Participant: 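Have a look at this one before I ask anything.
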Amino acid sequence: LKMMQESRHTNNALIIILHSIQDLPPYVYNRADFMCIFKTQDFPGALDRKFKHNRQFMENYTQVENSSNPHEYRFFEIV
């Protein structure tokens, strides 16, 4: 959390890579400007609850998971 706060003050980019969206703490998502989602083995219901029914997140996640392309991803600005 301290690195995230300092990166805003120093104008640096902070890139966090996780193997599972379930491992992402909600406070990190809430402080992020952008997110890139790849296919995962996460359960949609659990993610929907974790991110408090965030429509933008779930729409992007669903598009990636429903794609027939095994390398599908979405990069989006968090608004």
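In this text the structure is predicted, and so the values were computed from the model without any measurement.
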Participant: Using the rule that Ile, Leu, Val, Met, Phe, Trp and Tyr join whenever any side-chain heavy atoms are under 4.5 Å apart, tell me whether F43 and L47 fall into a single cluster.
Facilitator: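 Hydrophobic grouping puts F43 apart from L47.
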Participant: So do Y29 and K50 actually touch side chain to side chain, heavy atoms under 4.5 Å?
Facilitator: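 In short, these two side chains do not touch, never coming nearer than 4.5 Å.
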Participant: Heavy atoms, side chains only, cut-off 4.5 Å: are I37 and F76 in contact?
Facilitator: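 Yes, close enough: below the 4.5 Å cut-off.
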Participant: Taking the side chain as every heavy atom from C-beta outward, state whether F34 and C36 have any pair of such atoms under 4.5 Å apart.
Facilitator: no
Participant: Calculate, to the nearest 0.5 Å, the distance between atoms OH and CG belonging to Y73 and N60 respectively.
Facilitator: 12.5 Å
Participant: Give the minimum heavy-atom separation between Q63 and R74, together with the two atoms involved.
Facilitator: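 So the minimum-distance heavy-atom pair works out to OE1-NE, 2.7 Å.
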Participant: Are K52 and N54 packed together at the side-chain level, in the sense that at least one heavy-atom pair is separated by less than 4.5 angstrom?
Facilitator: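 Heavy-atom side-chain distance check fails, nothing below 4.5 Å.
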Participant: Of the non-hydrogen atoms in I78 and M35, which two are nearest, and what is the gap between them?
Facilitator: CD1-CB, 4.0 Å
Participant: Given 3.5 Å as the limit, does a donor-acceptor pair link the side chain of K39 with the main chain of H71, or not?
Facilitator: no
Participant: Without swapping roles, check the side chain of E65 against the backbone of T40 for a donor-acceptor pair under 3.5 Å.
Facilitator: yes
Participant: With a 3.5 Å cut-off and sequence neighbours excluded, list the donor-acceptor pairs that the side chains of residues 13-26 form with protein atoms.
Facilitator:
unit_1, atom_1, unit_2, atom_2, d
S20, OG, Q22, N, 3.2
S20, OG, D42, OD1, 2.6

Participant: Working to the nearest 0.5 Å, report the span between OH of Y61 and CZ of F38.
Facilitator: 14.5 Å
Participant: Drop me the distance from D48's CG to F57's CZ, to the nearest 0.5 angstrom.
Facilitator: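 Interatomic distance, D48 CG to F57 CZ, rounded to 0.5 Å: 9.0 Å.
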